[in-house]
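I have placed the structure first, in the form of structure tokens, so that the comments after it can refer back to it.
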Amino acid sequence: MSSAGTKKIYVIFYTTYGHIYKLVEQVTKGINSVPGTEAVVLQVAETLPEGVLEKMHAPPKPDVPIVDVHDISSADGFVFAFPTRYGMPPAQFKAFMDATGQLWQSGALVGKPVTFITSTASLGGGQEVTISSSLPFVAAHGMIWVPPGYSFGEPLFSLDEVRGGSGWGAGTFAGPTGARQPTHTELEHAEHQGKYFAGKVKLLSA
């Protein structure tokens, strides 16, 4: 943890088709807009073979460093971002979580704030339950969950457009084929969440 100066917020993500990464870019923008905070963007390792990814028509991964679980204890806060897999984190992100045993044993993440963003294929696809199924990890590490609530305001109450995300965190819908891309509102929500979270990280690590 950086006790003085800039607060480092690790934005750790997994993306298959790029939807999550687009939200990550916006949450990063929000974090970096807050004086005294800086986003460090990292992705978890892919576990699927290249041949499987090709058959899934998955695009190349973003040019972002792979997270080393042994280095994350220096962060002041975390944004975890990943798509749903039947209401749970994908295996790739779960593998990252499962590798934090030594950090759990030493209490290295106790008291560190964390927030989540996610994506699903469709309405009712499990955005909130995907985040809620991740909370046992947060509790086991003694981390502090910081959802944005309805601080984004009116867009979360509007029924004028199809929109992912909720008070639990920003989100998007990919559609059954992955063709749908994050909307302007969804991207703005992610940016807002980054800015909101960065402010809370500064407060909690003061």
Side-chain angles (χ1 to χ4, degrees), residues 1-16 20-21 23-25 27-28 30-32 34 36-48 61-119 126-148 168-171 190 193-194 196-206:
M1 179 179 291
S2 50
S3 58
T6 302
K7 303 301 180 183
K8 301 284 188 180
I9 299 175
Y10 282 24
V11 183
I12 302 175
F13 72 95
Y14 172 75
T15 190
T16 306
I20 282 291
Y21 186 58
L23 296 181
V24 161
E25 290 179 314
V27 79
T28 298
I31 291 168
N32 289 337
V34 176
T37 63
E38 179 184 349
V40 178
V41 183
L42 302 163
Q43 62 182 322
V44 303
E46 180 59 80
T47 60
L48 290 174
K61 298 296 181 189
D63 185 18
V64 173
I66 302 296
V67 62
D68 183 339
V69 71
H70 301 293
D71 294 337
I72 67 172
S73 61
S74 61
D76 295 287
F78 298 92
V79 179
F80 291 156
F82 45 80
T84 189
R85 292 295 185 269
Y86 311 112
M88 298 176 287
Q92 294 87 344
F93 208 91
K94 186 64 165 56
F96 159 74
M97 290 175 162
D98 290 348
T100 61
Q102 288 185 346
L103 300 178
W104 164 75
Q105 192 172 33
S106 66
L109 303 183
V110 170
K112 293 182 184 287
V114 59
T115 198
F116 293 87
I117 61 177
T118 190
S119 70
Q127 293 191 11
E128 292 179 356
V129 75
T130 299
I131 294 173
S132 69
S133 69
S134 305
L135 296 184
F137 173 85
V138 174
H141 279 285
M143 301 172 81
I144 302 171
W145 179 37
V146 184
W168 293 61
Q193 185 171 346
Y196 175 88
F197 183 67
K200 300 307 178 188
V201 170
K202 289 180 68 176
L203 181 66
L204 290 167
S205 60

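We count residues from 1, following the sequence as given.
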So, taking the atom named [atom1] in [X] and the one named [atom2] in [Y], what distance separates them when rounded to the nearest 0.5 Å?
X    : Y    : atom1 : atom2 : answer
L135 : W145 : CG    : CH2   : 5.0 Å
N32  : E38  : CG    : CD    : 6.5 Å
T15  : L23  : OG1   : CG    : 9.0 Å
Q92  : T47  : CD    : OG1   : 3.5 Å
I20  : F82  : CD1   : CZ    : 8.5 Å
S134 : F93  : OG    : CZ    : 8.0 Å

>> One pair to check against side chain to side chain contact (heavy atoms under 4.5 Å, CB included): T37 and V201. What are the steps and the verdict?
In response: CA-CA 8 Å; T37 63; V201 170; 5.5 Å; no

> Which of parallel (below 30°), tilted (30 to 60°) and perpendicular (above 60°) describes F80 and F78?
Replying inline: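 Tilted.
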
Identify the heavy atoms of [X] and [Y] that sit nearest to each other, and give their distance.
X    : Y    : answer
S133 : T130 : OG-O, 2.9 Å
K202 : V34  : CD-CG1, 3.9 Å
V11  : A39  : CG2-CB, 4.1 Å
S73  : L103 : CB-CD2, 4.4 Å

>> Could you go through Q43 and I66, starting from their C-alpha distance and side-chain angles, then the distance that decides it, and tell me whether this counts as side chain to side chain contact (heavy atoms under 4.5 Å, CB included)?
In response: CA-CA 5 Å; Q43 62 182 322; I66 302 296; 3.6 Å; yes

Looking at [X] and [Y], would you say the former's side chain and the latter's main chain have a donor-acceptor pair under 3.5 Å?
X    : Y    : answer
Q193 : F116 : yes
K200 : P148 : no
D76  : I9   : no
T6   : G36  : no
T115 : V146 : yes
K112 : A75  : yes

Is there side-chain contact between [X] and [Y], with at least one heavy-atom pair below 4.5 Å?
X    : Y    : result
L42  : F96  : no
W168 : S132 : yes
K94  : F137 : no
V129 : T84  : no
V64  : Y21  : yes

> With T100, which of H141, Q105, H70 fulfils side chain to side chain donor-acceptor pair (under 3.5 Å)?
Replying inline: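 It is H141; the other options fail the test.
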
> When you look at F13 and T28, which way does the side chain to side chain contact (heavy atoms under 4.5 Å, CB included) test go after all the steps?
Replying inline: CA-CA 12 Å; F13 72 95; T28 298; over 6 Å; no

